[in-house]
Amino acid sequence: MTNIIFGLFLYFPEDKTEYIPAAISFTAFFIAAVLTMRLIIKISKRQEEKAKQLEEQLKKQQIND
């Protein structure tokens, strides 16, 4: 019974060249995911710096008032 169930979901081709398109698309999506994550981190750091500057500016204003 388990062989029938696993047979529905798993497919291992005899010709291993069928793995090449999957490897190419996996590599492309993996690189895109890494670049996206790096972009998000970079933007987040910029926003953090702007928030710190705004906080310091507000503190200085509050002290002067």
Side-chain angles (χ1 to χ4, degrees):
M1 183 66 174
T2 58
N3 289 338
I4 295 171
I5 293 172
F6 286 139
L8 294 173
F9 299 108
L10 298 176
Y11 169 67
F12 298 104
E14 293 293 326
D15 184 16
K16 301 302 180 194
T17 58
E18 292 183 31
Y19 289 122
I20 294 172
I24 292 170
S25 63
F26 171 79
T27 304
F29 280 105
F30 183 77
I31 291 171
V34 169
L35 292 176
T36 302
M37 189 65 187
R38 290 182 60 116
L39 179 66
I40 290 170
I41 291 171
K42 188 176 183 180
I43 290 171
S44 175
K45 285 184 181 182
R46 260 193 242 144
Q47 289 177 345
E48 180 184 5
E49 187 61 37
K50 285 182 182 179
K52 283 182 182 180
Q53 288 174 356
L54 180 61
E55 183 180 359
E56 290 297 321
Q57 184 182 19
L58 290 174
K59 283 183 181 179
K60 286 179 184 178
Q61 261 184 352
Q62 195 174 27
I63 292 172
N64 291 337
D65 288 340

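Any value given below was found using the heavy atoms of this structure, including those in side chains, with hydrogens, waters and symmetry copies removed.
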When E55, E49, E48 are each screened for salt bridge (Lys or Arg N to Asp or Glu O under 4.0 Å) with K52, the one that passes is E48
Mark yes when over 12 heavy atoms from residues, nucleotides or ligands other than K16 sit less than 6.0 Å from its NZ; otherwise mark no. yes
Value for CD1 (I24) from OH (Y19), rounded to nearest 0.5 Å, stands at 15.0 Å
Note: with side-chain heavy atoms under 4.5 Å as the link, the other cluster members for L39 come out as I43
Does any N or O in the side chain of S44 come within less than 3.5 Å of the main-chain N or O of I40, such that one atom is a donor and the other an acceptor? no
Query raised in the report: Quick one: are Q57 and Q53 in side-chain contact, heavy atoms under 4.5 Å?
Result: no
